[in-house]
Amino acid sequence: MENTKMTAKRAVSELLQRVLMVPPQHFTVEYAINPWMGGVVNKEKAMKQWKDLKLAIENEGVKVLTLDQVQGLPDMVFVCNSGIIYQDRVYLSRFRHKERTGEQKHYLEWFKKNGFKIYGDDYSECFEGGGDACFSDYGLLWAGFGSRTNKNVYQQVSKIGNFETVKCELVNPKFYHLDTCFCPVSEKAALWYPPAFSQATQNEILRRLPESIAVNEKEATAFVCNAITVRKAVISPIGVEQATRDALKRLGFNVVEVDMSEFMKSGGACQCLVLKL
Ligand code: ARG
């Protein structure tokens, strides 16, 4: 508990030491469970893009651990959906779609092997981990719900630590996970796409993060919000416009763009490929 209090006000992007990634050994688009899915993946290109992202993260001084992808589980590259981490605890995901439930046991195995205390494995409400929930500091959980995660699951998730939970209602099917339209940047700001949220949630986000930067529809569609903030870098897919870049600069952040074209054929990009540990 002491540890919890000490870290309560530090941003996750500052504290981040390690992440988990899954190299796209068997990445394809074989089914469609979100509106973006379709097209043929160029596997070599996907591997190069994944390596570029890994390097961009390592360049900020973060260690990247890897887990092998299992054949027949094409979306396992989006490991951010495996659960949410709080210190040495993980609250495990329960996927909405049967196409992804096969991933769960592999994640559980990895978390056990790596010494995490397991929560949520006996709970039946849908929850898609870091895709829908993220800490901007360890005192506050941004808790998305809508097409994938059930709102009620947060009654359980919130028990794994000492933090406040802010429920965020997603209303636009194109932005089916919180991380497709919201990326915490600092204690006072996120990069976000307001129309993806209910009015009440928009108000709450602005109240708590008054310096937030709203992206336009074109940027949102380029998945610019599916970014990951590490130290003073916002690592995002290509498509950040000058106004957004300038706004981030004023807050002291630099944009690092990585081409994510192959993963966007599955409705994912930078943030989806990375689980913060
Ligand atoms: N095809 C995957 C799905 O629909 C993409 C997941 C993207 N992950 C994310 N955290 N947004 O589940």
Side-chain angles (χ1 to χ4, degrees), residues 12 19-41 43 46 49-50 53 57 67 69-70 72-85 90-104 106-107 126-135 141-150 153 157 168 170 172-184 190-193 196-197 215 220-229 235-237 258 260-277:
V12 171
V19 299
L20 179 64
M21 292 179 72
V22 172
Q25 210 71 51
H26 307 288
F27 173 56
T28 53
V29 177
E30 286 171 18
Y31 46 79
I33 56 172
N34 73 55
W36 307 91
M37 292 181 83
V40 178
V41 171
K43 287 200 177 185
Q49 292 176 349
W50 183 88
L53 175 63
I57 293 168
L67 164 66
Q69 185 174 12
V70 175
L73 297 173
D75 274 340
M76 194 174 163
V77 293
F78 302 113
V79 67
C80 133
N81 293 125
S82 59
I84 183 132
I85 306 291
V90 59
Y91 192 99
L92 294 173
S93 291
R94 180 140 317 215
F95 285 95
R96 168 81 56 193
H97 298 286
K98 63 175 183 333
E99 288 85 346
R100 296 201 64 184
T101 52
E103 298 171 35
Q104 290 167 187
H106 302 288
Y107 298 140
C126 293
F127 174 61
E128 297 206 353
D132 267 329
C134 64
F135 290 102
L141 180 71
W142 295 94
F145 66 93
S147 52
R148 296 294 183 91
T149 293
N150 292 346
V153 80
V157 178
C168 298
L170 298 164
N172 184 332
K174 276 177 115 175
F175 300 98
Y176 60 96
H177 274 144
L178 180 68
D179 72 0
T180 63
C181 48
F182 181 83
C183 168
L191 197 60
W192 71 314
Y193 183 55
F197 297 94
V215 304
T221 306
F223 260 38
V224 155
C225 297
N226 197 260
I228 164 165
T229 308
I235 304 171
S236 116
V258 182
M260 289 277 107
S261 66
E262 300 314 296
F263 299 100
M264 284 170 62
K265 293 173 182 169
S266 191
C270 303
Q271 173 51 45
C272 310
L273 294 169
V274 178
L275 179 74
K276 295 179 183 140
L277 296 174

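In listed order, ligands and their atoms are each counted from 1. Note that the numbering runs from 1 along the sequence shown for the chain.
Y176 and T180 make their closest contact through N-OG1, 3.7 Å (heavy atoms, listed as atom of the first residue, atom of the second, distance). Heavy-atom minimum distance, C80 versus G131: SG-N, 3.3 Å. Annotation for A269 and M264: closest pair CB-CG, 4.3 Å, computed over non-hydrogen atoms.
The aromatic rings of F197 and F182 stand perpendicular to each other, their planes meeting at an angle above 60°, with 30° marking the opposite boundary.
The six-membered or imidazole ring of W50 lies away from that of F27, with a centre-to-centre distance of 6.0 Å or more.
Under the side-chain contact (heavy atoms from CB on, under 4.5 Å) rule, F127 has a single partner from L92, V153, N81, N150, which is V153.
Taking a heavy-atom cut-off of under 4.0 Å, ligand 1 is surrounded by I33, N34, M37, D75, F78, C80, N81, R100, G131, R148, Y176, H177, D179, S266, G267, C272.
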